Amino acid sequence: MVDLTKRYDVLVIGGGNAALCAAIAARRAGATVLVLEAATKFYRGGNTRHTRNMRCAHDAATDTLSGPYYEDEFFDDLLRVTGGETNEALAKMMIHESKEMLTWIAEQGVRFQPSLGGTLSLGRTNSFFLGGGRAMLNALYLTAENLGVDVLYEAEVIGMEIENGMFLSARVKRGEGHADVRAGSLVTAAGGFEANKEWLEESWGPAARNFLIRGTPHNRGTILKMLLGAGVDKIGDPTQCHAVAIDARAPQYDGGIITRLDCVVFGIVVNKHCERFYDEGEDVWPKRYAIWGRLVAGQPDQIGYIVFDARSLELFMPSCFPPIKADTIGELAQKLELDPAALEKTVTDFNDHVVPGTFDHTQLDDCRTEGLTPPKSHWARRIEQAPFYAYPVRPGITFTYLGVRVNHQSRMMMADGKPSVNMFAAGEIMAGNVLGRGYAAGIGMTIGSVFGRIAGREAAANARN
Amino acid sequence: MHATDTLAEADRLMTVCNSCRYCEGLCAVFPAMELRRDFADGDLNYLANLCHSCGACYSDCQFSPPHEFNVNVPLVLAQARTDSYAAYAWPPAFSGLFARNGLAISIIAALSVAVFIAGFIGWADPKVLYTAQTGPGAFYRVMPHNTMALIFGAAFLYAIVAMVMSVRMFWKDIGEPASTLTEGASIWQAVKDASTLRYLDGGGVGCMNEDERPNDNRRLYHHFTFYGFMLCFAATSTATLYHYLLGVEAPYPWYDLPVVLGTLGGIGLLIGPVGLLAAKFRRDPAVMDKQRYGMDVAFLAMLFLTSLTGLLLLVLRETPAMGMLLAVHLGVVFSLFITMPYGKFVHGIYRFLALVRYAKEKRMMEAGELTA
């Protein structure tokens, strides 16, 4: 049994990859550690449950990585996806540390495999967890428990006592009551606020009510809010989130990877008025999938429909919900509860503007439209071969960018510019320091592991309270 | 659409899994799944028999219960597997034996032992039956060798015929051409995969049994059981050769090959089934098919009893208890033989064949002839 009256050296709030890396690192440094996870044991680990790989620099191919991925290339990739919105020194430090992470994380029991089916493009850069994110979590929890880290589930933190940048105690909900936990230092790795619809509404308006949350319902940003309220400096665009277009039939929370749809480039996307609204073939899908959440969010009722024909059905990874299928475009519209005449007109219009080309879905081909607004620049083929298919899509929110500012020790920085005495952060709650916008596959896990490990080590060395 | 609700559920799960694929490195089931987009009953029966029930995909799955997607691959494939045994049973009239398999096997075993005891009492000379017999041919004074060979040869032959008929149905159902069974490379790969239980290791750390901790030794106990069984089989085969080729009659001295093989095998068949049974009692009920519980226990009990009665016979063969022990041992072995096609024994055959097919698919996949 966990004894909450005892004073721990390090308190970790959160239960995902960053939290566990921090807990393990702190424990290995000799500290007594308590992990407070708001979720049940099954749902432990927040969004880490839904991850599958991490991006680490490496100078040579390994058993599971097909070639080298040097620090410079990693840094260039980061600059590209963030458009420069990154703390360059911190990012370089993280990328350097990520090299060691591959062995360190394996030492904690996490196992890797070659890149997963359907993701061969990441085979050189990203290390895939054997069994996925939950397998990774299981390994980390097992290691943490064997080391003597205490873990408490269904332990939501509802308040914190912080004085002049110094953490004193946290108030934990326990059943009907609560308990106050004292600790020498604090690591917060409690995620972002994407599951907090009210907070999202502040930036997105009522549209946010139609957003689906791809991961844990626990990332409500309560810890982030407490920290910002206690004078910790913030970083990252408070209005932005990573949004992709996912199957509209996905559950409100926790639908994960299986609700994603990779077929936008093979068809057209229309809104509820059957109008196209963006170039579906602008670029290869891995470079464009993350803009479609925002695009659909801008459409009436935040819904869109990907429409394609029989020729494209097997060109993309299957998803968990079957496509809606019909023998004619009109019938398809009826099944989607759209205006058949309007959808027929849009499809006919599109078909009339497709110029002949040689279809090749593996590269930017010459199949495009001419004289159509918006155009479709690649992979444009007439939608004419029955049966016809459609997927309804909504914005699916992956994570948010707003977080707490940290330094090289993963130590929180106060709004007045001073470093906190004993508060550290890792993972999504501070990801904005290196990832101001955009995303590159697996980088969230890199941020979690690298800063988690640093935060744990530093928290153990700075258990000042 | 599908023949049973279980297969419909298996179809739903494979569709979910195929859109995730995080488990593809754990075993053979998921790479085989990735080669398909639609899942007919035959495909699902193939995948079900390919699954070794290590449980890793359940522990690793972010969508397993209580998640609303309710993804429980080990349970549903176990149910589909048991159903497939019944569906392929030959003659089909006997498929009902799988429904309450524990009871059926128990009754058959009890009857078989009773018949052997009654037969011994009825036919054997009481002076021989109840007194110590020693020297070559001791057993055959109780029951003539030719009678024994005839009865067990017939029982064994029947089991083989019934299982061959079942295998034909399975092979046809999964849609694999007969020619695959003549491909040396696929067979050899399957022999290696089966003999090492390559896919009963949770993807490398061991199986999940009670919870998400990979602390299970089922592979070890299965090795004890399987190799124990094979050693006993080898003991019987050598003894047959001794009898017919060399003209040397049982009982053989303890240091002679049939006895050494049989004793080692017998020890394996005591340790293995007990270990597997203990693991079964501790296993997370969430991934256990309750329907097949009786079948599993019955088979393990039969193997254990075969070994136990055999070893007792070895130890007490020079005492007056030999006659009755021989009746009990032969009764158990006889029922083991005739129930082979109607119990857990068949899992090894279907799984081996599924591995043969997978070996072929994997080779084609790696050569680029098959794509996901």
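Quick caveat, the model's predicted, so the values are computed rather than measured. First the proteins, then the strands, lettered A, B, ... as listed; each starts at 1.
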Residue Thr48(A) versus chain B: region with a heavy atom under 4.5 Å: neither

Neighbour count >12 (heavy atoms, 6.0 Å) for atom NZ, Lys172(B): no

Which atom of Met317(A) lies closest to which atom of Arg37(B), heavy atoms considered: C-NH2, 4.1 Å

Side chain proximity check, Arg52(A) to Gln62(B), heavy atoms < 4.5 angstrom: no

Which of Gly131(A), Gly132(A), Gly109(A) touches chain B most, by non-hydrogen pairs under 4.5 Å: Gly131(A)

Engaged part of Asp262(A) at the chain B interface, taking heavy atoms whose separation is under 4.5 Å: neither

Side chain, backbone, both or neither of Phe112(A) within contact of chain B (heavy atoms, under 4.5 Å): neither

Largest heavy-atom contact set with chain A, pairs under 4.5 Å, which of Gly203(B), Cys23(B), Pro66(B), Gly202(B): Pro66(B)

Euclidean distance, Ser319(A) OG relative to Asn18(B) CG, rounded to 0.5 Å: 10.5 Å

Beyond-backbone contact of Pro318(A) with Arg21(B), side-chain heavy atoms, under 4.5 angstrom: yes

Which atom of Pro251(A) lies closest to which atom of Phe69(B), heavy atoms considered: CD-CZ, 3.5 Å

Distance, nearest 0.5 Å, that separates CG of Asp254(A) from CD of Glu68(B): 8.0 Å

salt_bridge(Glu212(B), Lys41(A)) N-O dist < 4.0 Å: yes

Over 12 non-hydrogen atoms of neighbours within 6.0 angstrom of NZ in Lys197(A): yes

Leu142(A) side chain near Pro214(B) side chain, heavy-atom distance below 4.5 Å: yes

Proximal component of Tyr43(A), with respect to chain B [non-hydrogen, under 4.5 Å]: side chain

Separation between CZ of Arg49(A) and NE2 of His67(B), rounded to the nearest 0.5 Å: 6.5 Å

Test applied, side chain to side chain contact (heavy atoms under 4.5 Å, CB included); reference residue, Tyr22(B); option that passes from Ile258(A), Ile257(A), Leu130(A): Ile257(A)

Chain A contact via Pro31(B) - side chain, backbone, both or neither, heavy atoms under 4.5 Å: neither

Under 4.5 Å from any heavy atom of chain B - which part of Leu261(A): neither

Reported SG-to-CZ distance for the pair Cys61(B) and Phe42(A), which is rounded to 0.5 angstrom: 7.0 Å

Donor-acceptor side-chain pairing of Arg134(A) and Ser59(B) below 3.5 angstrom: no

